[in-house]
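First up is the structure itself, then whatever we jot down about it.
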2 protein chains.
Amino acid sequence: MSQRRERDGRRVGGRVTIYDVARAAGVSSGTVSRVLNGGTASTGAREAVERAVTVTGYVPHQQARRLAGARTDAVAFLHCVSSERLFDDPNVNGLLLACHNALAEHDLLMVTPIGADGPAEIVMRRLAAQIFDPILLFGASAGSPLVADLVDRQMPVVACGVPLGHERHVSYVATDDRDGARQIVAYLRSRGRRRIATIAGPMQLPGGVQRLAGYQDAIGGDFDPALVTHGDYTYASGAAATARLLRQAPDLDAIFVASDMMAAGALATLQPAGRRVPDEVAVVGYDDAPIATSTQPQLTTVRIPWQRYPGQLTRHLWHRMDGDDPSGIIMPVELIIRGSA
Amino acid sequence: MSQRRERDGRRVGGRVTIYDVARAAGVSSGTVSRVLNGGTASTGAREAVERAVTVTGYVPHQQARRLAGARTDAVAFLHCVSSERLFDDPNVNGLLLACHNALAEHDLLMVTPIGADGPAEIVMRRLAAQIFDPILLFGASAGSPLVADLVDRQMPVVACGVPLGHERHVSYVATDDRDGARQIVAYLRSRGRRRIATIAGPMQLPGGVQRLAGYQDAIGGDFDPALVTHGDYTYASGAAATARLLRQAPDLDAIFVASDMMAAGALATLQPAGRRVPDEVAVVGYDDAPIATSTQPQLTTVRIPWQRYPGQLTRHLWHRMDGDDPSGIIMPVELIIRGSA
DNA sequence: TTGTAGGCGTTATCAC
DNA sequence: GTGATAACGCCTACAA
């Protein structure tokens with residue numbers, strides 16, 4: 001089975017090592033390594049090695065490189081959102097693709113443990129963290145043991161969104177959700193709304209806390225706990241939260257919903273309840289998700305600059321891998337006015 | 001930066017090795033390794049090691065394990081189809097998810113280089129093949145250098161579909177497309193069709209050749225080159241191929257199209273051309289893709305038993321990893337009768 | 001049952 | 001500029 005036959009001058013089965021190359025090139029393994037890793041070497045040696053590499057069909061053994069302290073050529077994209085969302089949300093799967101391409105330009109291969117949802121976090125922790133060095137993190141929630149673990153291991157990780165509780169130890173690329181929320185409230189005020197309610201997202205997610213914080217910033221003295229409720233970003237939770245709001249504060253004339261999906265749920269509850277949108281109640285969503293344009297009326301919402309993520313993500317990752325300290329960037333968002341408010 | 005402070009009794013930054021565990025447990029590293037890998041050890045040693053593992057927070061270093069000849073705990077899912085299809089085709093992304101889950105039961109983590117389309121095959125070859133041992137292959141075409149390379153390296157790979165040209169060296173799980181095509185032709189005959197044309201798929205893909213072969217089997221002596229044309233599985237190619245067919249063999253009264261997507265294209269060409277479906281021309285697709293039920297009329301097609309793939313795939317992979325010789329299974333398909341034929 | 005030691009393929013640190 | 005050689009962390013004969 002492990003016979004080492006020759007064919008076309010190259011080994012068949014059984015690895016070609018750096019020693020084979022060294023022998024073929026008539027130099028030492030050290031020289032080969034130097035040539036391959038851009039170290040110093042004479043032109044003669046360089047050429048001999050390059051020739052030998054081609055002729056032997058040598059491919060470096062990543063595991064061994066890694067063990068010897070060098071870098072892996074692969075980065076993992078760890079997502080803590082459900083795999084369904086990975087497939088269904090064009091923003092997310094577009095991001096995935098774009099990241100791959102951006103990384104490929106640095107000769108890095110991006111892989112992702114698809115299907116590894118919440119419970120499987122254990123698996124990811126146990127394995128992914130070992131196989132890859134650099135990590136792109138998506139949708140990690142506050143206090144997630146995954147993040148703590150990664151930080152402990154001092155791995156170069158870059159997160160999408162502010163990594164709550166690890167702001168100083170993890171690089172991140174985020175959007176200014178707090179300002180987005182402020183803009184929304186200001187816009188609603190400018191349209192004459194006075195009793196502005198909100199359906200906030202989960203407080204474990206950065207978006208959840210930032211959007212609520214922005215709402216509070218802008219509402220200021222008018223703040224009324226009865227106008228605040230929570231959902232978990234799903235359609236159903238949006239509908240339920242709206243029903244609650246209608247009970248707690250029947251006089252509301254606007255709702256800022258922390259996600260378009262929940263906002264769609266809100267519309268579905270508002271209209272049967274006899275509240276016309278936007279005439280009686282203005283509704284504003286968040287994300288500019290596909291559903292935003294297929295509701296009736298279409299949702300006024302906030303657009304996240306997804307197209308800027310891949311570039312920023314790879315930039316920060318690159319820096320981290322170069323040993324720089326963690327850094328972060330917060331990008332501005334854009335208000336999209338449509339029919340619902 | 002690489003200071004090794006203590007915290008909660010565990011190291012912070014700087015790896016916990018098997019030696020640390022050994023020291024903590026008061027045994028040798030060999031014993032630790034044996035305990036961890038299910039070797040023989042006394043109950044006392046076993047307990048001490050297990051305690052030490054928890055207390056030190058030890059996590060095996062996969063790279064080192066691998067280098068030392070042990071197995072990786074991760075399997076790569078390599079797909080040679082476009083990433084769009086990965087996201088858009090529920091059959092495919094369902095397969096991805098299901099494979100992940102099936103593998104997870106064996107404590108294997110499945111990862112996939114998403115976004116690595118055709119041109120990036122080089123990257124995958126250079127890297128993925130080094131990082132992972134076992135490989136799940138999806139959509140690889142005949143003569144693909146990727147496959148040849150994997151075979152050369154004697155890696156345990158299991159393919160979805162017969163790996164054309166490597167049938168003996170690669171395990172596979174496939175469906176009986178040849179029989180599916182035969183069934184279709186037989187069905188069309190039974191409905192009185194006499195001039196049965198076909199739009200075949202690419203001859204580099206196993207499905208392409210098998211479905212055409214089955215068509216020829218069943219057509220037998222009635223074979224007429226004018227009734228055969230090719231497409232590349234896309235909607236547009238189906239439409240174009242149909243136009244060609246209509247020119248070459250205006251008297252056709254049925255078309256067996258090798259994919260539902262192409263069949264949809266066929267319908268779109270047939271109807272404006274004044275050929276009523278199914279009255280004047282019967283159309284049969286293949287795949288039972290989502291589009292099959294959203295055409296007018298809905299497509300009669302062949303259903304591939306996707307739900308059986310994950311189990312079979314992992315079973316064969318498991319065997320391969322155990323050193324068994326490559327093996328394959330061909331599963332039966334099911335004819336789904338709808339309005340188009 | 002257990003400890004010891006050699007080796008897996010690289011990289012990096014030395015002398016030369 | 002180049003060649004030895006010591007890690008890297010683990011597994012596995014082999015010996016005890």
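Everything numeric here is computed off the predicted structure, so don't read it as measured data.
For B:Ser29, the side-chain atoms get nearest to C:dT4 when compared with the rest of D:dT2, C:dT4, C:dT2. Among the nucleotides C:dT10, C:dT2, D:dG9, the one closest to the side chain of B:Thr31 is C:dT2. With distances taken from any side-chain atom of A:Ala41 to the nucleotides C:dG9, D:dT2, D:dC10, the minimum falls on D:dT2.
Using a distance-only test at 3.5 Å, with no hydrogens or angles considered, a donor-acceptor pair links the side chain of B:Asp20 to the main chain of B:Thr17.
Summary of the strand contacts: A:Gly30 and B:Arg65 both lie near DNA chain D, and taking for each the nucleotide with the nearest heavy atom, the more 5' one is attributed to A:Gly30. Where A:Leu36 and B:Ser28 meet DNA chain C, the nucleotide closest to each residue was compared, and B:Ser28 sits on the side nearer the 5' end.
A distance of 11.5 Å separates SG of B:Cys99 from CD of B:Gln312, quoted to the nearest 0.5 Å. Atom CG of B:Leu313 and atom CH2 of B:Trp318 lie 14.0 Å apart (nearest 0.5 Å). One distance of note links CD of B:Glu50 with OH of B:Tyr58; it measures 13.5 Å at 0.5 Å rounding.
B:Arg34 places its CZ atom 8 Å from the P atom of C:dG3, with the value rounded to the nearest Å. Rounded to whole angstrom, the span from the CD atom of B:Gln63 across to the C1' atom of C:dT10 amounts to 12 Å. Rounded to an integer number of Å, the gap from B:Asp20 CG to D:dC8 C1' is 14 Å. Between A:Leu67 atom CG and D:dC11 atom P the separation is 12 Å, expressed in whole Å. The CD-P distance, from A:Gln62 to C:dT11, rounds to 9 Å in whole Å. Put simply, CZ on B:Arg23 is 13 Å from P on C:dT4, counting in whole angstrom units. Distance B:His61 NE2 to C:dC8 P: 19 Å, rounded to the nearest Å. Residue A:Tyr19 contributes atom OH, which lies 9 Å from atom P of C:dC8 at whole-angstrom precision.
Side chains of B:His319 and B:Ser327: no donor on one and acceptor on the other come within 3.5 Å.
For D:dT2, the OP1/OP2 oxygens have no side-chain nitrogen or oxygen of A:Thr40 closer than 4.0 Å.
Contact annotation for B:Ser33: base contact, defined as any heavy-atom pair under 4.0 Å involving a base atom.
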